[in-house]
Chemist: 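The structure is given below, and queries will be raised subsequently.
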Amino acid sequence: MKPFRKHVALAVDGGGIKGVIASRAIAVLEEYMQVPAYETFELLAGTSTGAIITAGIATGLFGEEIHNLYCDLGPVIFKKTWRSALWPLTRYRYPLKPLQEALDAQMGGKSMGDFWAAEKALDLVITAFDLIENKTLFIKPFKENSEEEPWPVTKAVLASSSVPSYFPPVEDRYVDGGVGSYHNPCYVAAYEAVHVLGWDSAETTLISLGTGREPHSLQPERIKKFWPWHWISPVLGAFQESADDQQVHLVRTFFPALDFRRFQVDLDGAYPMDEPDKIPALSEFGDRLGRMILDDQLDGALGIRAKKAPLPGAAT
């Protein structure tokens, strides 16, 4: 792995239970560097499950601790009940209470401002979407020229993680930051580093972690038989993937001097965001993503076709 530059930032995508992949990859990086992530990264940006991971790092958790939380709490947060069984006849599939209790146990009492006021100041940017004002929010430890009180960390993470139809909106207005264009928050991190923190691009490394790319399985024979409702899933999937790659392109275009490393792993099938039974397989993909980081195997969206890293223990 190439050495990091003077300043190092981390951006983590959304993806529900697929946060297992990114959290495990961070654990692999920590094991290699023998330094915890909260000492490596001065700037963190996260959306949805990425907000959980980056907030966990900001509060001092190791990557493996965050990974273990996903393994332990995934079946609790995404517990199948009458509500999920009857969806979409219910307004949402899962209550927020289990996630809120888990966040309170790790971050309760902290406000976003506490990260900037700490002895080692840290900038954490969490994205959420405000349905009332119809705009993306960038929730931070500080805001220029603002008298606004910093958000509680739990509230910020809950807002960013409240995927519509899966969870109810926070305070009946805030939902997942991926509703806008920032499911992948790498451009948010790059902008924050250069234009807000004033870092020199030539002295900055930005690590961007995806949560897995599912294979495309549509064929012309199937598409020509689509009814209107069949378009929902592929259109939403295309929007999200296109938006993710657009953020990569924006970083490459507007911050060419940045040491930008985007890592994404190709999955072997569909992995819904609310299936905790998939955690063992997702953990293996996390190991693979971690090896890609160590081997500098960048995502193909950067214009560099990455070779598939073998799973740990696999024959090469």
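What you are looking at is a predicted structure, and each value in this text was computed from that prediction instead of being measured.
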Chemist: Under a 4.0 Å threshold between the charged nitrogen and the carboxylate oxygen, would K155 count as salt-bridged to E171?
Modeler: yes
Chemist: Check the side chains of S162 and D176 for a donor-acceptor pair under 3.5 angstrom, ignoring hydrogens and angles.
Modeler: no
Chemist: Could you tell me whether the side chain of L209 reaches within less than 4.5 Å of the side chain of I207, counting heavy atoms only?
Modeler: yes
Chemist: Does a side chain donor of either S181 or Y187 reach within less than 3.5 Å of an acceptor in the other side chain?
Modeler: no
Chemist: Can you tell me how far apart CG (L43) and NZ (K140) are? Round to the nearest 0.5 Å.
Modeler: 9.5 Å
Chemist: Between the side chain of E30 and the main-chain N/O of G63, is any donor-acceptor distance below 3.5 Å?
Modeler: yes
Chemist: Count I, L, V, M, F, W, Y as connected when their side-chain heavy atoms are under 4.5 Å apart, and connections chain through other members. Are V76 and L69 then in the same cluster?
Modeler: no
Chemist: So, are D130 and R173 salt-bridged, with charged N and O less than 4.0 Å apart?
Modeler: yes
Chemist: Using only atom types and a distance under 3.5 Å, with no angle test, would you say the side chain of T90 pairs donor to acceptor with the backbone of Y92?
Modeler: yes
Chemist: Any sub-3.5 Å donor-acceptor pair from T211's side-chain atoms to K18's backbone N or O?
Modeler: no
Chemist: Any donor and acceptor pair, going by atom type alone, linking the side chain of S160 with main-chain N or O of S48 inside 3.5 Å?
Modeler: yes
Chemist: With a 4.5 Å cut-off on side-chain heavy atoms, are E42 and D123 touching?
Modeler: no
Chemist: In terms of heavy-atom contacts, does CD of E39 have more than 12 from other residues, nucleotides or ligands at under 6.0 Å?
Modeler: yes
Chemist: Rounded to the nearest 0.5 Å, what separates atom CD1 in I52 from atom OG in S23?
Modeler: 10.0 Å
Chemist: Just wondering, do P98 and L73 contact through their side chains at under 4.5 Å, heavy atoms?
Modeler: no
Chemist: Rounded to the nearest 0.5 Å, what separates atom CD in Q297 from atom CG in L289?
Modeler: 10.5 Å
Chemist: Look at the side chain of E65 and the backbone N and O of F62, then say whether any donor-acceptor pair between them is shorter than 3.5 Å.
Modeler: yes
Chemist: Below 30° counts as parallel, above 60° as perpendicular, anything between as tilted: where do the rings of Y271 and F285 land?
Modeler: perpendicular
Chemist: For the backbone of S111 and the side chain of D114, can you confirm whether one donor and one acceptor N or O come within less than 3.5 Å of each other?
Modeler: yes
Chemist: Measuring only between side-chain heavy atoms, which start at C-beta, is N184 closer than 4.5 Å to V248?
Modeler: yes
Chemist: Could you check R24 against E64 for side-chain contact (heavy atoms from CB on, under 4.5 Å), going step by step and ending with a plain yes or no?
Modeler: CA-CA 6 Å; R24 179 62 198 145; E64 191 59 28; 2.5 Å; yes
Chemist: Tell me whether the count of non-hydrogen atoms from other residues, nucleotides or ligands lying under 6.0 Å of NZ in K80 goes above 12.
Modeler: yes
Chemist: So, do F254 and H249 have ring centers that fall under 6.0 Å from each other?
Modeler: no
Chemist: One pair to check against side-chain contact (heavy atoms from CB on, under 4.5 Å): L124 and L122. What are the steps and the verdict?
Modeler: CA-CA 6 Å; L124 170 65; L122 188 148; 4.2 Å; yes
Chemist: In terms of heavy-atom contacts, does NZ of K120 have more than 12 from other residues, nucleotides or ligands at under 6.0 Å?
Modeler: yes
Chemist: State which residue, out of Q247, R262, R261, fulfils the side-chain contact (heavy atoms from CB on, under 4.5 Å) condition with S208.
Modeler: R262
Chemist: Closer than 3.5 angstrom, by distance alone: can the side chain of R5 be matched with the main-chain N or O of S201 as a donor-acceptor pair?
Modeler: yes
Chemist: Name all residues meeting the ring-ring contact (aromatic ring centres under 6.0 Å, His included) criterion together with Y174; count only those two or more places apart in sequence or in a different chain, and write none if there are none.
Modeler: W151
Chemist: Given the side-chain rings of Y182 and F129, with only the six-membered ring counted for Trp, is the space between their centroids under 6.0 Å?
Modeler: no
Chemist: Which label fits Y94 and Y166: parallel for a plane angle under 30°, tilted from 30 to 60°, or perpendicular past 60°?
Modeler: parallel
Chemist: Would you give the length of the straight line joining atom OG of S161 to atom CD1 of I126, rounded to the nearest 0.5 angstrom?
Modeler: 8.0 Å
Chemist: For a 4.5 angstrom cut-off between non-hydrogen side-chain atoms, does Y38 reach L44?
Modeler: no
Chemist: With a 4.0 Å cut-off, would you call R288 and D266 a salt bridge?
Modeler: no
Chemist: Is the backbone of G56 close enough, under 3.5 Å, to the side chain of T59 for a donor and an acceptor to pair up by distance?
Modeler: yes
Chemist: Does a side-chain N-to-carboxylate-O contact under 4.0 Å join D274 and R93?
Modeler: yes
Chemist: Heavy-atom distance under 4.5 Å between the side chains of I57 and L61, does that happen here?
Modeler: no
Chemist: Is it the case that the ring center of F260 lies less than 6.0 angstrom away from the ring center of F255?
Modeler: no
Chemist: I139 versus T127: any side-chain heavy-atom pair under 4.5 Å?
Modeler: no
Chemist: Distance check, rounded to the nearest 0.5 Å: H67 atom NE2 versus I21 atom CD1?
Modeler: 10.0 Å
Chemist: Can you list everything that forms a ring-ring contact (aromatic ring centres under 6.0 Å, His included) with F115? Sequence neighbours excluded, please.
Modeler: none
Chemist: When you compare the side chain of T204 with that of V194, does any pair of heavy atoms fall below 4.5 Å?
Modeler: no
Chemist: Whether the side chain of D259 engages the backbone of F4 through a donor-acceptor N/O pair (distance < 3.5 Å, no angle test) should be reported.
Modeler: no
Chemist: Atom CE in M1, atom CE in M33: separation rounded to 0.5 Å?
Modeler: 5.0 Å
Chemist: Using a strict threshold of under 4.0 Å (side-chain N to carboxylate O), is an ion pair present between D299 and R213?
Modeler: yes
Chemist: I'd like to know if the side chain of H7 reaches the main chain of W199, judged simply by a donor and an acceptor atom lying under 3.5 Å from each other, with no hydrogens or angles considered.
Modeler: no
